[in-house]
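Some notes on the structure that comes next.
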Protein chains: 2
Amino acid sequence: MSGKKVNRVRKTTRQPRTDALRNRERLLVAAKAVFSAGGPEASQEAVARRAGVGIGTLYRHFPTREALFEAVYRREVDQLVDLAGQLQSEALPLEALRRWLRSNVEFVATKKGMAAALALAAHGSSELSAYSFERLTNALGMLLARAAAAGEIRSDIGPEDLLRALVGMCVIHDRPGWQAGALRLVDVLVDGLRSRAATARPGSAAPRQRQDTGRADRGSP
Amino acid sequence: MSGKKVNRVRKTTRQPRTDALRNRERLLVAAKAVFSAGGPEASQEAVARRAGVGIGTLYRHFPTREALFEAVYRREVDQLVDLAGQLQSEALPLEALRRWLRSNVEFVATKKGMAAALALAAHGSSELSAYSFERLTNALGMLLARAAAAGEIRSDIGPEDLLRALVGMCVIHDRPGWQAGALRLVDVLVDGLRSRAATARPGSAAPRQRQDTGRADRGSP
DNA sequence: TGCAAAGCGGAGGCATCCTCCGTATATCTC
DNA sequence: GAGATATACGGAGGATGCCTCCGCTTTGCA
């Protein structure tokens, strides 16, 4: 409750120790893996063990369970945002949009446990989900705007709506074949967005369509 | 004490004891209240205390934490299904549809904690969410079919898609004013469903608002 | 090289989950 | 109505997990 540590970066600001940075990184990677596999009820000790650090270290970096969720969550969101930026410059507008949407589906598919963890995290901290919602909205908004500017899609659909639909598609991720259905639905959405007024030019110039796997995942050890 | 209980023979099926039924009912009511207020992390002991029974009784009726979630969940879903049946016979088709959709939003609004609990429950038991999804789909399907038969809405939108959209609207339930927005979106959805010609293809002439709902989902050919 | 500060790791207090079993009560038979 | 017995109740208690605290180690800087 008191002012706690005023983390001013003013005078004696030592550089953060390398082992601290390294351990923090390890913890985030481990947490992602553990929560993805075991859901949000996986123990903190399991995370620390997988990261190869003591439980005390975990709690110094992430004082509460929610703090850890949040950090992992933010990172995932950031990766999706980064992916949007990459696609923005690497792929044709419509294809960039489609790939990004598909990546979202795959994101949920490969991290089933994360979905529940995120629901829990969102329940605890409204600020967190507001943050992520805004960032994702912006990312998607850019993709949409670019595609709309190119005349490839209609321009009267906002990113919020699309994002909500996307979330809804992914929330029910338990039925067999949900992923195929969701991916199909992405295609339907994209097709539905294509403005029939604008003459859709079918990929006239695609000099180097990098075979990027569009995955926002990082290699795991 | 004896090695094995052999009374699995179903020769004499006693009636379930009345106190057992009463306690089970009390537990369900208490669990709903506790989880709604405190989220899925509320303790089992709190549920038992509120129900006025011992912890042992709780665990006899619901052997695991998930079992309790599931029972509460099923009951909530059943209530929504019942509501659909009532509205079916009490209200005009279009109004019945609108009211049911709004009830879904309010359901989430009054039970914030439940949303996270349900996400957790769904994560644990895929069978559970399949059950609820199917029941809700059927309920919504009846309302849709009735409204479509009355010629009040278009007939090419399936209940699954609508349900997914509804879920998506409710998942992000933390931002201030989300409920008002969701309720507005329900109206938009209903308005969008109204068949102005039963085969209305929106998008060519009418500029309309940005919130277009004319998604032609339903990919099943 | 020397020295604090920053960081590390795990023992341990506290809370919660779930099991086990002695006691109490409802149902059934006569 | 009374006895017999299956059924249910309730809480003590072991196991597990969350988080704190503190002595020891490592690192950055002079």
Side-chain angles (χ1 to χ4, degrees), chain A residues 1-2 4-28 30-31 34-35 38-71 113 117 120-121 124, chain B residues 1-28 30-31 34-35 38-71 117 120-121 124:
Chain A
M1 195 64 75
S2 60
K4 274 237 162 175
K5 197 166 187 183
V6 185
N7 203 358
R8 287 280 173 240
V9 193
R10 224 50 197 122
K11 47 186 186 179
T12 58
T13 306
R14 255 192 179 176
Q15 271 196 359
R17 277 169 57 161
T18 55
D19 52 350
L21 292 176
R22 176 175 48 88
N23 282 338
R24 186 188 166 86
E25 181 63 27
R26 280 188 182 175
L27 280 168
L28 283 174
V34 169
F35 290 145
E41 314 218 279
S43 77
Q44 306 279 84
E45 261 101 7
V47 174
R49 220 176 302 128
R50 184 181 182 108
V53 305
I55 188 65
T57 299
L58 186 155
Y59 276 98
R60 192 170 331 97
H61 284 290
F62 309 103
T64 69
R65 184 185 192 72
E66 278 77 23
L68 183 54
F69 278 144
E70 183 169 330
L120 211 60
Chain B
M1 246 349 194
S2 59
K4 186 181 271 192
K5 255 190 162 185
V6 201
N7 70 352
R8 62 177 59 236
V9 270
R10 51 180 68 259
K11 55 169 114 181
T12 39
T13 307
R14 252 189 179 174
Q15 273 194 357
R17 279 170 55 162
T18 55
D19 52 350
L21 292 176
R22 176 175 48 86
N23 282 338
R24 185 188 166 88
E25 181 64 26
R26 280 189 184 175
L27 280 167
L28 283 175
V34 169
F35 291 144
E41 315 218 275
S43 77
Q44 306 280 82
E45 262 98 5
V47 174
R49 221 177 300 127
R50 185 182 183 108
V53 305
I55 187 66
T57 299
L58 187 154
Y59 274 98
R60 193 169 332 95
H61 283 290
F62 308 103
T64 70
R65 184 185 195 71
E66 279 77 23
L68 182 55
F69 279 145
E70 183 170 329
L120 213 57

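Order of the sequence lines sets the chain letters (A, B, ...), proteins ahead of strands, with each chain counted from 1.
- Distance CG (A/Leu27) to P (D/dC19): 15 Å, rounded to an integer number of Å.
- In this structure, A/Leu58 CG and A/Arg50 CZ are separated by 14.0 Å, a value rounded to the nearest 0.5 Å.
- In this structure, CG in B/Leu28 is found 11.0 Å from CG in B/Asn23, a value given to the nearest 0.5 Å.
- Using a 4.0 Å heavy-atom criterion, one finds that B/Thr57 contacts the bases of the nucleic acid, with or without backbone contacts as well.
- Within the 3.5 Å criterion, the main-chain N or O of A/Pro40 finds a donor-acceptor partner in the side chain of A/Arg65.
- The side-chain heavy atoms of B/Arg24 and B/Leu27, taken from C-beta on, include no pair separated by under 4.5 Å.
- Each of B/Arg60 and A/Gln44 has a nearest nucleotide on DNA chain D; the 5'-most of these lies closest to B/Arg60.
- At the phosphate of D/dA8, neither OP1 nor OP2 sits under 4.0 Å from any side-chain N or O atom of B/His61.
- In terms of phosphate contacts, B/Asn23 brings a side-chain nitrogen or oxygen within less than 4.0 Å of OP1 or OP2 of D/dC9.
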For nucleotides 25-28 of chain D, list the nitrogen or oxygen atoms of the protein found under 3.5 Å from its nitrogen or oxygen atoms, one pair per line.
residue	atom	partner	partner atom	Å
D/dT26	O2	A/Arg17	NH1	2.8
D/dT26	O2	A/Arg17	NH2	3.2
D/dT27	O4'	A/Arg17	NE	3.4
D/dG28	N2	A/Arg14	NH2	3.1
D/dG28	N3	A/Arg14	NH2	3.0

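- Across D/dC18, C/dG10, C/dT19, the shortest atom-to-atom separation from the side chain of B/Tyr59 is found for C/dT19.
- Looking only at side-chain heavy atoms (C-beta outward), A/Phe62 and A/Glu70 stay at 4.5 Å or farther from each other.
- As rounded to whole Å, 17 Å separates atom P of C/dC20 from atom CG of B/Leu58.
- The separation between B/Ile55 atom CD1 and D/dA12 atom P is 12 Å, rounded to whole Å.
- Atom CG of residue A/Leu21 and atom CZ of residue A/Arg26 lie 12.5 Å apart, to the nearest 0.5 angstrom.
- One interatomic measurement links the two molecules: CG of B/Leu68 to P of C/dC18, which rounds to 10 Å at whole-angstrom precision.
- Residue B/Glu45 has its side chain nearest to C/dC18 when only D/dC18, C/dG7, C/dC18 are considered.
- The distance between atom CG of B/Leu21 and atom C1' of D/dC9, rounded to the nearest whole Å, is 14 Å.
- At a non-hydrogen distance threshold of 4.0 Å, nothing from residues 46-54 of chain B comes into contact with DNA chain C.
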